[in-house]
Amino acid sequence: MAMIEVTWQPSKFWLAGRPLTGFYAFLLTIASFVVRGEDALWGVPILAGVVFWGLTMSIMLFNDWVDREHDLKKGKSFANEHADELIRYWVRLSSVTAMALVVLSWYSVPVASLCAMVWIVGVLYSYIPHWYLVQNIIVALCSGAPALVGSCYRGDITHEALVIFALFFSLILIREVYKDIEDAEIDAGYKATMPVRLGHTLTAHRLLGMYFFPALCVAVHPNPWITGVGGLGLAVLMFKYSELLGDPKKVVASKATMNLILMALLLALLFT
């Protein structure tokens, strides 16, 4: 009898929600409890992490659906070609996430409120006018918010939690500028980004100043692993910056390096 091979492939709609970005939010949420000294990393930490994972993917999917026509200029046609199916998938994903959020509210109203606020702001992001730097800051704030979940659960915010939030906020903000450099030609006349308004050279000069803030965060963080990983990562970014300054196409390598730095910092927070 011939054997039947069963293979599983992730749904294209699931992949459209950037599950790895959602996983980043999950890990940062768990890390926020680790730095607060929580011994039991289950229950509320896991539930809050799952909610942040779900709402992050929900935000990504909704923003893609809203920007589906503009994204055609980037060669991204999936959302435009499957607009009806995508919005139905978004409703299902959001419904499951909302149910998890309701359960979370039974355990911690403050944590559930923080999740709900980030979710609302993230969805409304698509309808915020394309003001200069405002959208970048919103993305960075929402992406850094999971770092505050543990403190929100405990009812106070420590110096270390604030430093972690500031570190991830500043790194994500830089990463958003990288994305703007990548999309500069497409965004002209659509978004008031740094590269569109200032040009590549001045944007690169602004980036040089922006590196100071995460450098300060890793310098004052009490965990030597964060200082070491962050310092090494920023040194590599500075090397990449020298290439980026002369060629905007080099931003792809800078963005990939940033992704590795973010993951390395998360692992350092979780295991040291």
Side-chain angles (χ1 to χ4, degrees), residues 15-25 28 56-57 59-80 118 121-146 167-211 213-214 233-234 236-238 240-241 243-263 265-266:
L15 295 176
R18 282 44 148 232
L20 289 180
T21 303
F23 186 56
Y24 150 83
L28 185 55
T56 299
M57 291 185 63
I59 290 169
M60 292 286 186
L61 284 167
F62 189 77
N63 290 339
D64 276 359
W65 182 78
V66 173
D67 287 342
R68 60 190 182 278
E69 293 183 2
H70 177 71
D71 285 346
L72 289 173
K73 299 177 182 178
K74 303 178 184 179
K76 297 167 60 177
S77 60
F78 181 78
N80 190 66
V118 171
V121 171
V123 169
L124 292 178
Y125 164 90
S126 296
Y127 298 104
I128 296 172
H130 297 144
W131 293 324
Y132 183 61
L133 287 181
V134 171
Q135 289 192 318
N136 300 46
I137 292 172
I138 290 174
V139 171
L141 286 172
C142 291
S143 299
L167 174 59
F168 280 88
F169 166 82
S170 57
L171 290 175
I172 295 294
L173 185 61
I174 292 170
R175 190 182 184 279
E176 285 300 297
V177 176
Y178 287 160
K179 289 172 63 178
D180 288 341
I181 292 174
E182 200 171 28
D183 297 336
E185 294 183 5
I186 298 168
D187 286 339
Y190 181 72
K191 286 184 180 180
T193 64
M194 259 195 210
V196 169
R197 177 170 289 190
L198 304 178
H200 177 69
T201 301
L202 283 179
T203 298
H205 291 165
R206 298 292 190 278
L207 272 173
L208 186 60
M210 292 172 70
Y211 289 138
F213 195 51
L234 287 169
V236 175
L237 274 184
M238 290 301 298
K240 294 295 182 183
Y241 171 81
E243 299 176 336
L244 172 62
L245 182 60
D247 184 2
K249 293 181 180 179
K250 297 292 185 180
V251 74
V252 176
S254 294
K255 195 170 69 171
T257 302
M258 178 65 80
N259 292 340
L260 292 175
I261 292 171
L262 290 168
M263 185 55 66
L265 286 170
L266 281 172

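Please read all numbers here as calculations on a predicted model, not as lab measurements.
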Student check: side-chain heavy atoms of [X] and [Y] closer than 4.5 Å:
X    : Y    : value
M263 : L260 : no
L171 : L265 : yes
K191 : V196 : no
M210 : S170 : no

Which pair of heavy atoms, one from [X] and one from [Y], lies closest together, and at what distance?
X    : Y    : result
A204 : Y241 : O-OH, 2.8 Å
A184 : P195 : CB-CB, 3.8 Å
P146 : S143 : CD-O, 3.3 Å
I174 : Y211 : CD1-CD2, 3.7 Å
A25  : T56  : CB-OG1, 3.5 Å
I261 : L234 : CD1-N, 4.3 Å

- Query: Can you pull the side-chain hydrogen bond (donor to acceptor under 3.5 Å, both in side chains) pairs that have at least one residue in residues 59-72, sequence neighbours excluded?
  - Reply: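 Every side-chain hydrogen bond (donor to acceptor under 3.5 Å, both in side chains) pair that includes a residue of residues 59-72, provided the two are not neighbours, is R18-D64, N63-S126, D67-Y190, H70-D187.
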
- Query: How far apart are the C-alpha atoms of N259 and L20, what are their side-chain angles, what is the distance that settles it, and do they pass the side chain to side chain contact (heavy atoms under 4.5 Å, CB included) test?
  - Reply: CA-CA 11 Å; N259 292 340; L20 289 180; over 6 Å; no

Quick one: pull up [atom1] in [X] and [atom2] in [Y] and give me the separation to the nearest 0.5 Å.
X    : Y    : atom1 : atom2 : value
I186 : K73  : CD1   : NZ    : 8.5 Å
H200 : M194 : NE2   : CE    : 13.0 Å
I172 : I137 : CD1   : CD1   : 14.0 Å
D180 : T203 : CG    : OG1   : 8.5 Å
K179 : T193 : NZ    : OG1   : 12.0 Å
M258 : E176 : CE    : CD    : 10.5 Å

All N/O donor-acceptor pairs, side-chain side in residues 244-257, below 3.5 Å, sequence neighbours left out:
unit_1 : atom_1 : unit_2 : atom_2 : d
D247   : OD1    : K249   : N      : 3.1
K255   : NZ     : E182   : OE1    : 2.6
T257   : OG1    : A253   : O      : 2.8

- Message: Whether the side chain of Q135 engages the backbone of Y125 through a donor-acceptor N/O pair (distance < 3.5 Å, no angle test) should be reported.
- Response: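 A pair under 3.5 Å: yes.
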
- Message: Parallel, tilted or perpendicular, judged at 30° and 60°: which one describes the rings of Y24 and F168?
- Response: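 Y24 and F168: tilted rings.
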
